[in-house]
Amino acid sequence: MKQNDKIISAFRQDIELPAVVTKKADTAFDKILSEVREGTNQMKEKQNNQEKKRTPVWVKTAVSAAAVCLLLIGVCTANPVLAAKIPVIRRIFSMLQKTAEYPGDYTNYVQPLQEDTDETPVEDVAQGTEEEHSDGYSRTVDGVTVTLSEIYCNQQSLSISMLVEAPEAFADKIVTYQDGKQALLIEGESQFSFRDDPYVGDNYVYGAFLDEKTFAGIWRIELSGVLTGDLKDTKLEEAFTMEIDIRKVIGELAEPVQIDWGMSTEELDSMSEAEFNALYDQKIKEYGMDTFPNRAQNYWFEGPWNFTVPVTVNDADNHRVVLNDVNADGLGLRAVSMTPFELSIETEQGADMDCIVVVLDAQGKWMDSGNGNVSVLPIADHDVSEITVYLCSSETWTNEIKGHQGDADFTQYVKERALYEREVELPVCEK
């Protein structure tokens with residue numbers, strides 16, 4: 001077994017380490033992420049007119065991952081007893097919390113999943129293989145191990161840290177996005193004990209590769225998507241059960257297959273819209289891109305990996321301010337919910353309105369979700385003792401406001417053009 005494989009194997013051990021060792025590991029891991037971001041920012045400068053293009057930066061990542069392994073080998077050489085005691089499995093949140101979708105210090109909020117005792121092999125009928133159960137929340141199918149490590153659930157979201165380990169290298173196959181993030185997608189469903197039908201949304205796991213065969217990430221589920229219908233205004237039960245059925249783990253290829261159109265750009269430009277649409281449909285089917293996942297765009301592992309997870313809701317520093325403030329035009333603010341990591345904005349816009357929610361913190365700084373979700377916003381690096389919520393028409397936001405985000409008078413731009421405005425004082429979380 002290779003030395004770095006031994007280290008990754010040792011990651012499964014849940015034994016406390018001296019602070020100096022865990023600090024070194026965190027520092028090295030931060031270096032991986034910072035170098036990915038540095039390489040990504042350089043690419044951004046060269047691609048200002050290609051905002052949506054995604055570019056792999058795996059050379060830097062692979063070198064940095066190797067550096068982490070060498071660091072850990074050095075530490076373990078100094079103290080061989082530590083070689084089998086590096087508790088990365090129980091520290092994924094702390095490793096990723098600075099670059100998570102909703103950053104912050106999760107130390108006092110996450111809980112490790114307690115080990116289950118089911119070690120009976122389960123027959124995988126679909127694949128005709130035997131699923132091997134290891135200690136804790138780990139399941140192995142065809143050599144691919146998925147491990148659920150820690151969990152944090154508040155009234156707004158549920159997050160689970162996850163490790164995906166493969167028998168073959170796949171880090172270089174998976175894309176790194178321009179913001180430096182990496183992700184795997186879960187195809188499957190979850191059954192919550194408090195609702196009848198399964199839930200299939202929020203299936204991205206964001207994180208980073210620890211080495212060429214091992215991905216660590218955080219899977220976050222917005223509970224507004226789970227608490228729908230009659231459950232919409234229901235407060236979560238103190239404890240519930242989540243049945244997780246992961247059928248595939250899918251990555252987006254760093255180098256997807258390029259379509260060969262069989263003609264020059266000039267010939268394509270000369271085609272009528274109907275002719276091009278017919279050719280497009282033909283090529284999409286020819287390359288298998290009319291299905292998901294497909295080999296032209298994706299890399300994936302087949303499961304299933306099944307888990308039964310007990311969930312305890314942590315209400316610490318959760319607050320909800322109900323306003324029900326609606327103006328004569330039917331625009332307004334129903335409520336603001338707050339956790340240590342996110343703000344959820346509930347607005348009223350009317351059936352015929354098309355508005356953008358703009359939120360400024362107590363210092364007038366725009367709170368950007370970074371993922372297009374304007375209703376759930378990260379709190380990190382913001383003073384949210386008071387916020388101001390605006391509703392602006394989508395057209396006005398795009399054409400008149402958005403381009404002035406860096407201006408000193410940005411607040412005035414928003415204020416003068418907003419259709420609705422409301423200041424809200426919020427409790428201060430004790431972090």
Side-chain angles (χ1 to χ4, degrees), residues 100-104 152-159 179 181 199-204 206 218-229 231-236 313 317-327 329-362 364-398 401-402 405 410-411 414-415 417-427 429:
E101 249 190 307
Y102 293 82
Y152 169 57
C153 181
N154 56 45
Q155 291 292 335
Q156 303 301 316
S157 63
L158 187 158
S159 297
D179 60 4
K181 290 182 179 179
Y199 182 70
V200 295
D202 297 316
N203 50 6
Y204 278 94
Y206 290 99
I218 297 174
W219 177 26
R220 183 181 183 278
I221 298 174
E222 280 190 26
L223 293 173
S224 59
V226 178
L227 298 171
T228 57
L231 298 171
K232 185 175 182 181
D233 297 319
T234 304
K235 186 176 181 179
L236 279 176
V313 178
D317 295 320
N318 280 224
H319 304 284
R320 180 175 170 82
V321 179
V322 178
L323 298 126
N324 288 325
D325 179 38
V326 181
N327 65 20
D329 296 323
L331 296 173
L333 183 60
R334 291 296 184 190
V336 176
S337 296
M338 178 182 183
T339 79
F341 310 101
E342 68 240 302
L343 286 183
S344 295
I345 313 297
E346 301 173 33
T347 62
E348 184 66 48
Q349 300 191 30
D352 299 326
M353 303 298 293
D354 181 17
C355 291
I356 292 292
V357 181
V358 181
V359 181
L360 304 183
D361 68 11
K365 183 180 177 182
W366 178 45
M367 298 185 69
D368 179 19
S369 68
N371 59 15
N373 187 345
V374 295
S375 297
V376 183
L377 305 167
I379 286 178
D381 301 324
H382 286 283
D383 176 358
V384 292
S385 57
E386 180 178 283
I387 63 171
T388 306
V389 179
Y390 298 92
L391 293 180
C392 307
S393 75
S394 296
E395 183 178 357
T396 301
W397 167 256
T398 302
I401 303 175
K402 189 176 181 180
Q405 292 167 23
F410 175 64
T411 300
V414 178
K415 191 178 186 69
R417 291 160 178 78
L419 302 175
Y420 172 86
E421 175 186 352
R422 176 64 190 260
E423 293 183 359
V424 184
E425 290 186 5
L426 296 173
C429 291

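Numbers here simply count residues along the sequence, with the first being 1.
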*Evaluate the side-chain hydrogen bond (donor to acceptor under 3.5 Å, both in side chains) criterion for residues E342 and N154: first the C-alpha distance (whole Å), next the side-chain angles of each, then the deciding distance (0.1 Å), finally the verdict.*
CA-CA 10 Å; E342 68 240 302; N154 56 45; 3.1 Å; yes
*Derivation of the side-chain hydrogen bond (donor to acceptor under 3.5 Å, both in side chains) call for D325 and Y420*: CA-CA 10 Å; D325 179 38; Y420 172 86; 2.6 Å; yes
*Is the count of non-hydrogen atoms from other residues, nucleotides or ligands lying under 6.0 Å from N324 atom CG greater than 12?*
yes
_Trace of the side-chain hydrogen bond (donor to acceptor under 3.5 Å, both in side chains) decision for T396 with R417_ = CA-CA 7 Å; T396 301; R417 291 160 178 78; over 6 Å; no
*What is the minimum heavy-atom distance between W219 and N203, and which atoms define it?*
NE1-CA, 4.0 Å
_Distance-minimising heavy-atom pair for G364 and T411_ = O-OG1, 3.7 Å
*Evaluate the criterion side chain to side chain contact (heavy atoms under 4.5 Å, CB included) for residue pair T339 and D317; output intermediate values, then yes/no.*
CA-CA 6 Å; T339 79; D317 295 320; over 6 Å; no
*Verdict with reasoning, V357 to C392, per side chain to side chain contact (heavy atoms under 4.5 Å, CB included)*: CA-CA 7 Å; V357 181; C392 307; over 6 Å; no
*Looking at OG of S157 and OH of Y102, how far apart are the two atoms once the value is rounded to the nearest 0.5 Å?*
8.0 Å
*Non-hydrogen side-chain atoms of I218 and E101 separated by less than 4.5 Å*: no
*Apply the test side chain to side chain contact (heavy atoms under 4.5 Å, CB included) to residues M338 and I379: give CA-CA distance (whole Å), side-chain angles for both, the deciding distance (0.1 Å), then the verdict.*
CA-CA 9 Å; M338 178 182 183; I379 286 178; 4.1 Å; yes
*Anything under 30° is parallel, anything over 60° is perpendicular, the rest tilted; go ahead and classify W366 against W397.*
tilted
*side chain to side chain contact (heavy atoms under 4.5 Å, CB included) with S393: which of D354, I356, L419, I401?*
L419
_Side chain to side chain, R334 and V326, heavy atoms closer than 4.5 Å_ = yes
*Answer yes or no: is there a donor N or O on one side and an acceptor on the other, between the side chain of D329 and the main chain of L331, under 3.5 Å?*
no
*Would you call V359 and T388 a side-chain contact if the rule is heavy atoms closer than 4.5 Å?*
no
*With a 4.5 Å limit on heavy-atom distance, are the side chains of K235 and Q155 in contact?*
yes
_Distance (rounded to the nearest 0.5 Å) between I345 CD1 and R422 CZ_ = 12.5 Å
_Could you report the tightest heavy-atom contact between I387 and M367, atom names first, then the distance?_
CG2-SD, 4.4 Å
*Any side-chain heavy atom of S375 within less than 4.5 Å of one from E346?*
no
*asked:* Is there a side-chain hydrogen bond (donor to acceptor under 3.5 Å, both in side chains) between S344 and Q156? Walk through the geometry before answering.
replied: CA-CA 8 Å; S344 295; Q156 303 301 316; 3.0 Å; yes
_Please give me the minimum heavy-atom distance between Y390 and A418, naming the atom from each residue._
CD2-CB, 3.6 Å
*Minimum-distance pair of heavy atoms, taken over all atoms of E222 and V376*: OE1-CG2, 3.5 Å
*If you round to the nearest 0.5 Å, how far is CD of E423 from CG of L333?*
12.0 Å
*Euclidean distance, K402 NZ relative to F410 CZ, rounded to 0.5 Å*: 10.5 Å
*Heavy atoms, side chains only, cut-off 4.5 Å: are C153 and L223 in contact?*
yes
_Does R220 qualify as a cation-pi partner of Y206, given the criterion of NZ or CZ under 6.0 Å from the six-membered ring centre and within 45 degrees of its axis?_
no
*Decide yes or no for I221 and Y199: does some side-chain heavy atom of the first lie under 4.5 Å from some side-chain heavy atom of the second?*
yes
*Take atom OH in Y204; do more than 12 heavy atoms of anything else shown fall under 6.0 Å from it?*
no
*Where do E348 and L391 come nearest, in terms of heavy atoms and distance?*
O-CD1, 3.9 Å
*asked:* Tell me whether Q405 at atom CD has more than 12 heavy atoms from other residues, nucleotides or ligands lying less than 6.0 Å away.
replied: yes
*How many angstroms lie between CG in L343 and OG in S337, if you round to the nearest 0.5 Å?*
9.0 Å
